[in-house]
Amino acid sequence: MSKSSRRFWLMKSEPNCFSIDDLAAMPDRREHWDGVRNYQARNLLRDEIKVGDGVLFYHSNIPSPAIVGVAKVVREGYPDFTALDPTSDHFDPKATQETPIWYMVDIEYVATFEHPLDREALRRHPLLAEMGVLKKGNRLSVQPVTFEQWQTVLEVAGLPHLVEV
DNA sequence: GCCAACGTTGGC
DNA sequence: GCCAACGTTGGC
């Protein structure tokens, strides 16, 4: 098989909450992507996102929102235990062991861009201007990215060798 | 801080 | 099942 079946995603995080530096600083450079409380994103985490998929790490809710680096999926959808934890900010009283409702995946740090790709840079590029993250009102915290967009982001970021990582 | 867009909730 | 009210997201 010449074409791999892996897919590509963009995941948003507020860096004040969890940044790419935080991911890189984890002991094994891995962390679970918890706290997603939107059904559309939940369905992606539970059903679509597979081990080996590529992740564009996006920092939101800051003066200059941007794609700041790359990660990869190392564990597929499993119940988001923070929904069961009454002390968690992400606690959901409707979630139970039997019906967890919310799911998460684990990702592993791959690289940080020397120069983050901000929204202006994305808009400037014909292939990237179509990305969901640029669309007005798009609030999905996990969203699909095409291979072409993935490849282009890595090329623009000066890390073309990571396209196949 | 503003506000548009969106998702969820709950009365009816 | 409709829809208004509300809360949240997130760029600017």
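All chains are named by letter (A, B, ...) in the order of the sequence lines, taking the proteins before the strands, and each is independently numbered beginning at 1.
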- Item | Within residues 121-140 of chain A: residues closer than 4.0 Å to DNA chain C (heavy atoms) | A:Arg123, A:Arg139
Which whole-number value in Å describes the distance from [X] [atom1] to [N] [atom2]?
| X | N | atom1 | atom2 | result |
| --- | --- | --- | --- | --- |
| A:Lys94 | B:dG7 | NZ | P | 16 Å |
| A:Tyr58 | C:dG10 | OH | P | 8 Å |
| A:Asp92 | C:dT8 | CG | P | 14 Å |
| A:Asn38 | C:dG7 | CG | P | 19 Å |
| A:Asn16 | C:dG11 | CG | P | 13 Å |
| A:Glu120 | C:dG11 | CD | C1' | 14 Å |
| A:Ile62 | C:dC12 | CD1 | C1' | 13 Å |

- Message: Can you tell me if A:Arg119 touches the phosphate of C:dC12, counting only side-chain N or O atoms and a distance under 4.0 Å to OP1 or OP2?
- Response: yes
- Measuring from A:Leu140:CG to A:Lys135:NZ, what's the distance to the nearest 0.5 Å? 11.5 Å
- Query: Between the two ends of the helix from B:dG1-C:dC12 to B:dC12-C:dG1, what is the bend in degrees, rounded to 10 degrees, where each end axis spans five pairs?
  - Reply: 10°
- Message: Between the side chains of A:Asp80 and A:Arg42, is the shortest nitrogen-to-carboxylate-oxygen separation below 4.0 Å, so that they form an ion pair?
- Response: no
- Can you check whether A:Trp102 and A:Tyr39 have ring centres sitting under 6.0 Å from each other? yes
- Among the nucleotides C:dG11, B:dG7, B:dT9, which one has an atom lying closest to any side-chain atom of A:Gln40? B:dG7
